[in-house]
Protein chains: 4
Amino acid sequence: MPAVASSLSARVRRNEALSEIRTGEILTAATRVFGRKGYEATRAEDIAAAAGIAKGTLYLYFDSKEAIYSATVSRACRELRAELERHTAQVTGFQEKLRTALQVRLEYWTENQSIYRLLLTVGREQKHRRQTADFLRAAQRDYKTLLQDGVDAGEFACDDLEQLAWATLDLVRGASERRIDKLGESDPRQDALRITAFVLAQNTRRPSSRKR
Amino acid sequence: MPAVASSLSARVRRNEALSEIRTGEILTAATRVFGRKGYEATRAEDIAAAAGIAKGTLYLYFDSKEAIYSATVSRACRELRAELERHTAQVTGFQEKLRTALQVRLEYWTENQSIYRLLLTVGREQKHRRQTADFLRAAQRDYKTLLQDGVDAGEFACDDLEQLAWATLDLVRGASERRIDKLGESDPRQDALRITAFVLAQNTRRPSSRKR
Amino acid sequence: MPAVASSLSARVRRNEALSEIRTGEILTAATRVFGRKGYEATRAEDIAAAAGIAKGTLYLYFDSKEAIYSATVSRACRELRAELERHTAQVTGFQEKLRTALQVRLEYWTENQSIYRLLLTVGREQKHRRQTADFLRAAQRDYKTLLQDGVDAGEFACDDLEQLAWATLDLVRGASERRIDKLGESDPRQDALRITAFVLAQNTRRPSSRKR
Amino acid sequence: MPAVASSLSARVRRNEALSEIRTGEILTAATRVFGRKGYEATRAEDIAAAAGIAKGTLYLYFDSKEAIYSATVSRACRELRAELERHTAQVTGFQEKLRTALQVRLEYWTENQSIYRLLLTVGREQKHRRQTADFLRAAQRDYKTLLQDGVDAGEFACDDLEQLAWATLDLVRGASERRIDKLGESDPRQDALRITAFVLAQNTRRPSSRKR
DNA sequence: TATGAATGAGTTTTCATTCAT
DNA sequence: AATGAATGAAAACTCATTCAT
């Protein structure tokens, strides 16, 4: 009976879709709560409440609080990456590309402070450290690639791109944290300009070459 | 009977000294454990075990786990400050002063990774955030003062010392964390030189002025 | 879909009823255990065990051991009051009313020795003293009202009803305690008669007035 | 060497005397503290502090907190008994003897509220109950003996001295507690008169006999 | 599938008792 | 004998996880 089989599989597909939606809702709630309270101080029930479901339901979608945390971090990383790619795709020119990459990340953190905290503050406890380290390394690699493109295009020179990429990341983190902790009053755009200037100041390429 | 009185007060003094030593031992143990596991994940008993005493003994010296944490942070701050003052006192010259300040801090963190974690990673959980923010602001102020001295001495110029001081702190934090997380292989000395170069590259004072 | 709505509210109602039952079971268990061991010597787990539930379950229904104690006392007071009202409603005549009030209370304590201990023995510890004092004052007021009714009806006279009411309460307490402590062998009925006689012996109204 | 032996035994005797004094100081302190806070809420250290000695010293004189409590109660009983005998010895006449006995006890409780609480409030927890019961029975026996003396002297009659003695005790307890709990404002003397009147009102001996 | 009541292991803290000085 | 620092068993309370409905 193909009809039945097909109807079954349709139902299965539909259920899978629903399940994915529910999973997403839980992760969104978890991001908010973990970001606000930290991993240990967050109770499973807090996440459930924030997601508008019952405590027990969490365990239909995840094995443990730990698993929810892991999935939350993974999704946040994927999301940020997508956001970055979406915005930097159409931009051209080294300097502009750099500024845009910085600004997008700074804006992303400004709008998603929970995710920032989740990745870079909460996640610093012993058992989540590797996940965070991986995330940082990926960000640094991005900046390094960007700088390398500048070098390849003859618009930039620096004898230690590796370190400059890390430094760039450090400045982004610092600016983001100060905004979150309300320790300054600049906006993401200003910060991006400042950090761009800072990076460009490390250019060892003789400016004279620009003359004709 | 002065002999008795003096012997009594001698005993009292000795006990007070022992008590201070014990307090210090607990704080040292607490720094290690909090630094490794974070505040929430650290059990009072872990600290006791690390200090080689029984659980109950902790409470002879501190009122609560929270109080132990607070005291641990305070002591770490005092210690770092003393270290900084001890090393920078004899150095002269803006550039050399900057490099020394950076190197001392980088070395201190390298040798006291637990304290770094305690102050800048662990302490970022909700209820300890203010303590950490205060600590960061103090560090930034130090760098700003140092830069201002350079400006006053006519050796440096920059239109936003505030932001440059923050940036310097960001770079120190980044370098320290990477060493702790084993994400690079530079040593504190190299890092200090690199960060000094970064900062000096922001100098807007015309080098030509030095001629003549 | 009214069916669903009604079924939902039915479930809610059912759960609330179950919750009330559970609360009652805990209070019953608590009365027994507090009465036997006293407040301090009773561990939360004892109450849970007596109620046939787990330690943690207590805290789904009450905020603290202290709260359980308070609720236990309140319920006991309400219960005794209801019992008294139920039995004395239909009785008429001063002497008969007095005897009935005494007997009901004596029987209640005989059948609810835990509650007696809870209210009048356990509750005498420092921090629960006020609750007990209030309870005693209420009982004394009841007896005073009863005696005043006798005076108003011209069947009794006494120049200090206040003190006589307290004395009546003292005798009831004494008789109850001796029964609980097995220090005598009278039954509540005999005790009630005896105390009634005792009180009536304080009558200062000339019996001669009854003549004619 | 008898001299040595005698000097040794003298020292032993002296030490025993000192030890007894110290024991007494501890019991005095313990009475105060137990009476104020109850058995469970009293910490060994509270007693030591009240006695002006160190915590550990308690255990040179007593085996446990429990033992201190027991000894405290025993001593209080002995003390009260001595007080009663001292005051009632010289009084003659049934009515006067009764009044004196009551007044002495009421005054004793007024001046020694801690001991009252210790014996009749604190001591009502499970494990101390027998001690309290014994104490109450002894008091009742005293009153019964006193009343029997009145009967033997032809000054009083009552068909149930046993119960009347208990009732007397109940009234004394009630009056004492109200004074301690500040629930009334009579003084011991008034209370003694009132209770005496109460008791005498139970006299079944024909008053006509008093006529000549 | 969803629920939320129930569980009990695990956490902080207290305090009677011990014991080295 | 006296001390008081140290101990660790025990208590109140929390919360991740399970499971009957």
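Lettering follows sequence order; numbering is per chain, from 1. Side chains included, hydrogens not; waters and symmetry mates left out as well; all remaining heavy atoms used.
- Heavy atoms of D:Ser19 sit nowhere under 4.0 angstrom from any nucleic acid atom.
- For residues 56-66 of chain C, proximity to DNA chain E is found at C:Gly56, C:Thr57, C:Leu60, C:Tyr61, defined as any non-hydrogen atom under 4.0 angstrom from a strand atom.
- At a non-hydrogen distance threshold of 4.0 Å, B:Ile53, B:Ala54, B:Lys55 from residues 45-55 of chain B come into contact with DNA chain F.
- A salt bridge (Lys or Arg N to Asp or Glu O under 4.0 Å) with D:Asp46 is found for one member of D:Arg32, D:Arg36, D:Lys37 and no other, namely D:Lys37.
- For C:Glu79, the side-chain hydrogen bond (donor to acceptor under 3.5 Å, both in side chains) partners two or more places apart in sequence, or in a different chain, are C:Tyr108.
- Considering only residues two or more places apart in sequence or on other chains, D:Glu25 meets the side-chain hydrogen bond (donor to acceptor under 3.5 Å, both in side chains) condition with D:Arg22.
- Every side-chain hydrogen bond (donor to acceptor under 3.5 Å, both in side chains) that A:Thr28 has, sequence neighbours left out, goes to A:Arg75.
- Residues passing the side-chain hydrogen bond (donor to acceptor under 3.5 Å, both in side chains) test with A:Tyr69, sequence neighbours excluded: none.
- How far OG1 of D:Thr31 is from CZ of D:Arg117: 13.0 Å, rounded to the nearest 0.5 Å.
- Atoms CD and OG1, on D:Glu16 and D:Thr23 in that order, are 11.0 Å from each other to the nearest 0.5 Å.
- Proximity of B:Thr132 to B:Leu120: side-chain heavy atoms (C-beta onward) are separated by under 4.5 Å at one or more points.
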Distance-only criterion, 3.5 Å: show the donor-acceptor pairs between side-chain atoms of residues 49-63 of chain A and protein atoms not counting sequence neighbours.
from	atom 1	to	atom 2	distance (Å)
A:Thr57	OG1	A:Ala54	O	3.4

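- Note that the CG atom of B:Leu27 and the CD1 atom of B:Ile68 stand 8.0 Å from one another [nearest 0.5 Å].
- Using a 30° and 60° split on the angle between ring planes, D:Phe34 and D:Tyr39 fall in the parallel class, below 30°.
- Axis orientation changes by 10° from one end of the helix from E:dA2-F:dT21 to E:dT21-F:dA2 to the other, with each end axis drawn from 5 pairs and the value rounded to 10°.
- B:Ser64 meets the side-chain contact (heavy atoms from CB on, under 4.5 Å) test with B:Glu66, B:Ala67; sequence neighbours excluded.
- Counting 5' to 3', DNA chain F first comes under 4.0 angstrom of a heavy atom of chain A and last does so at the ends given by F:dC15 to F:dT18.
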